[in-house]
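Numbers restart at 1 for each chain; the letters A, B, ... are given by sequence-line order, proteins then strands.
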Amino acid sequence: MPASPARQKARRQAVPDSAYPRLLLAWYDRHRRALPWRALPGQAADPYRVWLSEIMLQQTTVKAVGPYFEKFLARWPSVAALGRASQDDVLRMWAGLGYYSRARNLFACAVAVSRDHGGAFPDTEVGLRALPGIGPYTAAAIAAIAFGRHCMPVDGNIERVVSRLFATEDALPQAKPKISQLALTLAGEARAGDSAQALMDLGATICTPKKPACALCPLNEDCAARARGDQETFPRKAPKVTGKLRRGAAFVVTRGDELLVRTRAEKGLLGGMTEVPGSDWIAGQDDTIARQQAPALPGVARWQRKPGLVNHVFTHFPLELVVYTAAVPARSRAPDGMRFVKIATLQHEALPNLMRKVIAHGLGDGKPIRR
DNA sequence: GAAGCGTGGTC
DNA sequence: TGACCAAGCTT
């Protein structure tokens, strides 16, 4: 298709073009991805499925979300059903997916929708925004996809597509408002939800971070960054800092076929999740200090240091744990705040992946803890 | 506004 | 292999 005069102008001046929504939707109708939470073409989306998927998809890949979405939907088919669950059940089901505050907020949101909204999600961006775990992106996504509101969620995909299309020089996150404003010009009047999903699909499959497939892009003739040949350098971003290595010790204590565990504090890192007792995690800490934070266990003949280390990388710091093991007599009691659980039933605990690694290392049987 | 918050995949 | 990225939210 030859570029219209308006689109040639867009190429030079990075100005929104009224043809973008139409081009985008035409592409979407041919190339949309089939995803478990997506309605069939032309059908109304189920707000519960849209919400559940959007929460799971925050900073998480489609591939990782798939099985979790199916599991949740099978166990809790409606927001009312989820609202009647317990937070601990939700955390157990969420274990392994990461960012556990999402699971706590998911449950809190289900309770709020059931209790304060008669079991129906608010159908406006503002109404949705007031619910736990729903921020600017998710509110706009649900409002557009589930309720057809004329708004545009801006995720990492859409930031990339839009920043390339208009070659926006400002670095993120400062550029967020400008990109958000430009993104809204890409929303169709009638099909705002499809417009949003079209941009996300485009970002996920064509306008990728590296080696974008510009030849296949419906907006390629209009893309300011492509005209300059530096697509991959967008979006501009402020440099991010990686955290310092922290070290600590973890203590794997068995009593016959049971393991000593405790529950982490409700908030913060791995909040509300199950762990084995351990030391603080501190940059520059040495083994001896960490070792001294072992739980007081009468009857422990000696701690055994497991050869090797458990390494784990969080978003904001890498972690290196030394693992100590001990076996206590059959009738030993768990220290205050801790409990013994059957090793065979660990799969039912809310165990973050870090702890699965620690326990597998400590038990030394090479068997991963099933999920 | 910046920092805290998981995990897995990619190059 | 370390850095980056993935449908961000909360404080």
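L270(A) comes within 4.0 angstrom of sugar-phosphate atoms only, judged by non-hydrogen atoms across all strands, and of no base. Using a 4.0 Å heavy-atom cutoff across all strands shown, I145(A) reaches no nucleic acid atom at all. Residue-level contact check: V62(A) touches the bases, meaning some heavy atom is under 4.0 Å from a base atom.
When the side-chain nitrogen and oxygen atoms of H316(A) are compared with OP1 and OP2 of dG4(B), none of them lie within a distance under 4.0 Å. Taking only side-chain nitrogens and oxygens, N105(A) never comes nearer than 4.0 Å to OP1 or OP2 of dC9(C). Not one side-chain nitrogen or oxygen of H312(A) sits closer than 4.0 Å to the OP1 or OP2 atom of dG6(B). For dG8(C), neither phosphate oxygen OP1 nor OP2 lies less than 4.0 angstrom from any side-chain nitrogen or oxygen of Q58(A).
Across the protein-nucleic acid pair, K244(A) atom NZ and dA3(B) atom C1' stand 16 Å apart, rounded to whole Å. Between the CZ atom of R32(A) and the C1' atom of dA7(C) there is a distance of 15 Å, given to the nearest Å. Atom CE of M56(A) and atom P of dG8(B) are 15 Å apart (whole Å). The interatomic distance linking Y100(A) (OH) with dG8(C) (P) rounds to 18 Å, in whole Å. Nucleotide dG8(C) holds its P atom 8 Å from the CG atom of L57(A), rounded to whole Å. A straight line from CH2 of W281(A) to C1' of dC5(B) spans 12 Å, rounded to a whole angstrom. Atom CD in E232(A) sits about 11 Å away from atom C1' in dC11(B), given to the nearest Å.
For residues 177-197 of chain A, every residue pair satisfying the salt bridge (charged side-chain N to carboxylate O under 4.0 Å, His left out) rule, not counting sequence neighbours, is listed here: D29(A)-R191(A), D170(A)-K178(A), R191(A)-D194(A). Listed by first and then second residue, the salt bridge (charged side-chain N to carboxylate O under 4.0 Å, His left out) pairs that reach into residues 328-347 of chain A are D257(A)-K342(A), R339(A)-E349(A), sequence neighbours excluded. Applying the side-chain hydrogen bond (donor to acceptor under 3.5 Å, both in side chains) test to pairs two or more places apart or on separate chains, those with a residue in residues 316-328 of chain A are R247(A)-E320(A). Pairs engaging residues 54-66 of chain A under the salt bridge (charged side-chain N to carboxylate O under 4.0 Å, His left out) rule: none recorded [sequence neighbours left out]. Applying the salt bridge (charged side-chain N to carboxylate O under 4.0 Å, His left out) rule to pairs touching residues 111-123 of chain A yields D123(A)-R149(A), sequence neighbours excluded.
Under the 4.5 Å side-chain contact rule for hydrophobic residues, L25(A) and L23(A) do not share a cluster.
The side-chain contact (heavy atoms from CB on, under 4.5 Å) check on A171(A) picks up Q174(A), R236(A), with sequence neighbours excluded. With sequence neighbours excluded, no residue forms a ring pair (Phe, Tyr, Trp, His ring centres under 6.0 Å) with Y99(A).
Interface remark: the T60(A) side chain does not form any donor-acceptor pair with the dG8(C) base, using a distance-only criterion of under 3.5 Å. Judged by distance alone with a 3.5 Å cut-off, no donor-acceptor contact links the side chain of T138(A) to the base of dG8(C). Put simply, the side chain of R33(A) and the base of dA7(C) share a donor and an acceptor less than 3.5 Å apart.
In the set dT7(B), dA7(C), dT11(C), the nucleotide with an atom closest to the side chain of L35(A) is dA7(C). Minimum atom distance to the side chain of M200(A) is reached by dA7(C), of the listed dG6(B), dA7(C), dA6(C). Nearest nucleotide to the P209(A) side chain, out of dG6(B), dG9(B), dA6(C): dA6(C). Distances were taken from every side-chain heavy atom of Y99(A) (C-beta onward) to each of dC5(B), dA2(B), dT7(B); the shortest belongs to dC5(B).
For DNA chain C, the neighbouring residues in residues 127-137 of chain A, judged by any heavy atom under 4.0 Å, are R129(A), P132(A), G133(A), I134(A), G135(A), P136(A), Y137(A). Within a heavy-atom distance below 4.0 Å of DNA chain C, the residues of residues 37-55 of chain A found are W37(A), R38(A), E54(A).
K306(A) and H361(A) share no side-chain donor-acceptor pair at under 3.5 Å.
Taking atom P on both nucleotides, dA7(C) is separated from dA2(B) by 23 Å, rounded to a whole Å. Rounded to a whole angstrom, the distance from the C1' atom of dC5(B) to that of dA6(C) is 15 Å.
Using bins of under 30°, 30° to 60° and over 60° for the plane-to-plane angle, the ring pair W281(A)/F314(A) lands in the parallel bin.
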Run the side-chain contact (heavy atoms from CB on, under 4.5 Å) check on L131(A) and W51(A) step by step: do they pass? CA-CA 11 Å; L131(A) 290 165; W51(A) 164 71; over 6 Å; no
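In terms of position along DNA chain B, the nucleotide closest to P173(A) lies nearer the 5' end than the nucleotide closest to the other residue of the pair P173(A) and P352(A).
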